[in-house]
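Working notes for the structure below.
These figures come from a predicted structure and were not determined experimentally.
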Amino acid sequence: MTTPRPTPIVSPCKKVCAVDGQTGLCLGCGRTLREIGGWSSFTADQRDQVMIELDGRMERLKSLGKLG
């Protein structure tokens with residue numbers, strides 16, 4: 001019998017890691033440094049909650065002129 005492979009953790013990372021000093025949000029994905037650093041140890045529910053918030057965070061960054 002083979003051991004089942006663990007389900008990969010979904011990440012919003014865009015490989016553009018630059019955290020804005022004013023907002024504390026990554027300009028690539030919208031997460032905070034705490035969220036980025038702890039992503040793999042977060043529960044699925046914690047990751048889902050952050051994922052729900054990311055569109056709004058990216059819109060905020062855009063409205064502040066942080067995104068090109």
Side-chain angles (χ1 to χ4, degrees):
M1 176 178 231
T2 61
T3 305
R5 291 185 180 180
T7 304
I9 295 174
V10 175
S11 173
C13 183
K14 306 277 193 249
K15 308 289 190 241
V16 179
C17 303
V19 177
D20 174 63
Q22 180 185 7
T23 63
L25 300 174
C26 175
L27 299 176
C29 68
R31 293 180 293 170
T32 66
L33 283 175
R34 184 188 74 76
E35 291 165 344
I36 293 167
W39 196 252
S40 62
S41 64
F42 283 8
T43 65
D45 287 342
Q46 288 172 312
R47 287 190 297 272
D48 289 346
Q49 184 57 48
V50 173
M51 295 288 279
I52 289 167
E53 298 172 13
L54 293 181
D55 284 341
R57 293 179 186 185
M58 295 305 286
E59 283 300 318
R60 177 176 174 220
L61 289 169
K62 187 175 180 180
S63 72
L64 292 171
K66 304 287 183 173
L67 305 176

Please give the remaining members of the hydrophobic cluster of V50, linking ILVMFWY side chains under 4.5 Å, ordered by chain and number.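 I9, V10, W39, F42, M51, L54, all in the cluster of V50.
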Apart from I52 itself, what residues make up its hydrophobic cluster, given side-chain heavy atom links below 4.5 Å?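 Its cluster partners, ordered by chain and number, are none at all.
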Filter on salt bridge (charged side-chain N to carboxylate O under 4.0 Å, His left out), then keep only pairs touching residues 39-52, sequence neighbours left out; what's left?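 Listed once each, the pairs would be none.
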Under the salt bridge (charged side-chain N to carboxylate O under 4.0 Å, His left out) definition, can you give me all pairs with a residue in residues 24-36, not counting sequence neighbours?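 Applying salt bridge (charged side-chain N to carboxylate O under 4.0 Å, His left out) to every pair that reaches into residues 24-36, excluding sequence neighbours, yields E35-R57.
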Quick one: list whatever passes side chain to side chain donor-acceptor pair (under 3.5 Å) with S41, sequence neighbours left out.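 For S41 there are no side chain to side chain donor-acceptor pair (under 3.5 Å) partners, ignoring immediate neighbours.
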Which donor-acceptor pairs under 3.5 Å do the side chains of residues 19-29 make with protein atoms, sequence neighbours left out?
{"from": "D20", "atom 1": "OD1", "to": "K66", "atom 2": "NZ", "distance (Å)": "3.1"}
{"from": "D20", "atom 1": "OD2", "to": "Q22", "atom 2": "N", "distance (Å)": "3.3"}
{"from": "D20", "atom 1": "OD2", "to": "T23", "atom 2": "N", "distance (Å)": "2.8"}
{"from": "D20", "atom 1": "OD2", "to": "T23", "atom 2": "OG1", "distance (Å)": "2.8"}
{"from": "Q22", "atom 1": "OE1", "to": "K66", "atom 2": "NZ", "distance (Å)": "2.7"}
{"from": "T23", "atom 1": "OG1", "to": "L25", "atom 2": "N", "distance (Å)": "3.2"}

